[in-house]
2 protein chains.
Amino acid sequence: MLMSQPRHTPITTPQAPPAARPGKVGRPRKSALPETGALGRERIFQAALALIDAQGLAAFGIRGLATQLGVAPAAIYWHVASREDLVYGALSIALADVAQAMPPGSWQLRIQTVLRRFRATLRQHPHLAPAVANELGCNATLDTALMEHIVAALEEAHFDGQALVDAVNVVVAAMCGFATLELSTAPAGPDSAWGQACRAQVEGIDPARCPALARHQSELANHAFLMRWTGGMDNPLDTGFEAWVDVLIGGLEARSRVLLEARES
Amino acid sequence: MLMSQPRHTPITTPQAPPAARPGKVGRPRKSALPETGALGRERIFQAALALIDAQGLAAFGIRGLATQLGVAPAAIYWHVASREDLVYGALSIALADVAQAMPPGSWQLRIQTVLRRFRATLRQHPHLAPAVANELGCNATLDTALMEHIVAALEEAHFDGQALVDAVNVVVAAMCGFATLELSTAPAGPDSAWGQACRAQVEGIDPARCPALARHQSELANHAFLMRWTGGMDNPLDTGFEAWVDVLIGGLEARSRVLLEARES
DNA sequence: ACCTGAACACCGTTCAAGT
DNA sequence: ACCTGAACACCGTTCAAGT
């Protein structure tokens, strides 16, 4: 029984990673590539998204995805580089139609539409909310149509040069920021030990140390970030989001005015 | 050799979780509690933060933390409920002094200060950026002093009732949103395969399908969210952040004006 | 009250081998 | 080109036992 476990050998030199596998990064998608196998990246990502939607991000794994697809776990690695690649792929197809068929109208209305659509789409896949910031901070795989809409709208608002780049970043951050925070779910159920503790801390605010907070405690409790114990699906912050959109548009308009006046003088 | 592996028994009824351990959630911190042990939550969180800063969030684990503390892995579980608890604790102490010693001044200036401080603090612990949205969406463990400052500033700006709650959420989302997105790191090194692919896609933008995007391609490349292949530490978006702050303040001012006018009539 | 040893039940990933 | 079997090297977490 001493020699029956060759596993768990403690020391091995980690061999250098082998030459890149096919679908390592990006999707060349030459559109002429055979895709003869029964699997294929698209089917894998769809299944991954369905599984994440059903069970959450933490419970999602390659082994579960493999059984879902009726395939050996290792098979997935022929099409995809890593687990991270999978959630990124799932996020990509989930957000694919945010930019579809933008309605005509003022630049303000079009930017409002982008924000509202993003939030609505993320609400259909709330378990992906934690992945948005991680995966979307830098990458260009998201449909370029979305960026085109944003840039075109900001051009119309007279942004140009560095000011345009800045405005683009402001809009993208606004698009992601609120919904991501709103939908990041609580660790446990409605009245878990965690929820109770959170609630108790809010209710135990000291009016001496935090007078302003204490004054509005009852309105803020469970309705403000950092002071709520219910997730964004059960307890949406609708009016807060509308205020967010309003502040963004108002701030952009003010900035656009300043820009125009500086240009005239 | 058949009977030598009692491990990996496939089917076991998952026993109900035992009665809550001491440091399960929140920190009662009666301040009279002995804290006689050599460990203690504070020391554990400090060590966790140091480890996350050094190695990143993905590489951080309980086993590594245990060896760092010169202790058995299981020892940590007497003080802390889970790995998630650890990163949350680390984030809490990392952000602890965002609200320390707020300078006097107009409400606009104070809100600007909150945003700038949050970003500066997160830049000192960039590996925690992905955890911000996940852990900060709902919880009240963050120093209430921060919320007090925000609420007090917005009161001064004449927000009240639901409009105040909305404004608080707007400010908190703004505080977290930009910096989180900016600092979420690229999966790999500067010119990895991933970076190359990202760059290629940006440079391959089709001027026929995306005319506005193509017009500003050179300025946007590697300087805008979704179009950059360098992380926020090496490649900060300083002017974008200032625009963000500017838009927020401008938008809040406009909303405040509307509120006042409605109240006068 | 606090910590150790040792195991349990998983992971993601690799790699030779199949077809 | 695409997939399987089987293993490797880890995980987080639990639990009886120590002190």
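Every chain is numbered from 1 and lettered A, B, ... according to where its sequence line falls, protein lines coming before strand lines. Keep in mind that the numbers below use all heavy atoms, side chains included, and drop hydrogens, waters and symmetry copies.
- If you take CG of B:Leu86 and C1' of D:dT13, they are 12 Å apart, rounded to a whole angstrom.
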Show the atom names and distances, to 0.1 Å, of all donor-acceptor pairs under 3.5 Å that link a side chain in residues 45-61 of chain B to residues at least two apart or in another chain.
from: B:Asp53; atom 1: OD1; to: B:His125; atom 2: ND1; distance (Å): 3.1
from: B:Asp53; atom 1: OD2; to: B:His125; atom 2: ND1; distance (Å): 2.7

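- The distance between atom CH2 of A:Trp78 and atom P of C:dG12, rounded to the nearest whole Å, is 21 Å.
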Under 3.5 Å donor-acceptor pairs involving side-chain atoms of residues 202-209 of chain B, not counting sequence neighbours:
from: B:Glu203; atom 1: OE2; to: B:Arg199; atom 2: NE; distance (Å): 3.3
from: B:Asp206; atom 1: OD1; to: B:Ala208; atom 2: N; distance (Å): 3.1

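- Residues B:Glu84 and B:Asn134 fail the side-chain proximity criterion, which asks for heavy atoms closer than 4.5 Å.
- In terms of the side-chain contact (heavy atoms from CB on, under 4.5 Å) criterion, residue partners of B:Arg63 (sequence neighbours excluded) are, by chain and number, B:Pro73.
- Both key distances under 3.5 Å define a Watson-Crick or G-U pair, and stretches of 3 or more such consecutive pairs in DNA chain D run C:4-8 with D:12-16, C:12-16 with D:4-8.
- Here the C1' atom of nucleotide C:dC10 and the CZ atom of B:Arg83 are 16 Å apart, to the nearest Å.
- Rounded to whole Å, atom C1' of D:dT13 lies 14 Å from atom CG of B:Asp85.
- Side-chain contact annotation: B:Thr230 with B:Asn222, donor-acceptor N/O pair under 3.5 Å present.
- Taken residue by residue, residues 58-72 of chain A places heavy atoms nearer than 4.0 Å to DNA chain D at A:Arg63, A:Val71, A:Ala72.
- A donor-acceptor pair under 3.5 Å is formed between the side chain of B:Arg123 and the backbone N or O of B:Gly232.
- Only the P atoms considered, C:dA9 is 22 Å distant from D:dA9, to the nearest whole Å.
- Comparing D:dT14, D:dT4, C:dT13 against the side chain of A:Ala74 picks out D:dT4 as the nearest.
- Under a 3.5 Å cut-off, the side chain of B:Ser184 and the backbone N or O of A:Ala133 do form a donor-acceptor pair.
- A:Arg117 places a side-chain N or O within 3.5 Å of a backbone atom of A:Gln100 that can act as its donor or acceptor partner.
- One interatomic measurement links the two molecules: CG of A:Leu39 to P of D:dC2, which rounds to 10 Å at whole-angstrom precision.
- Residue B:His79 places at least one side-chain N or O closer than 4.0 Å to OP1 or OP2 of C:dC3.
- For B:Tyr77 and D:dG12, the OH to P distance is 6 Å, given to the nearest whole Å.
- In this structure, CD of B:Glu84 is placed 14 Å from C1' of D:dT13, rounded to the nearest angstrom.
- Remark: B:Phe118 pairs with no residue by the ring-ring contact (aromatic ring centres under 6.0 Å, His included) rule, at least two apart or across chains.
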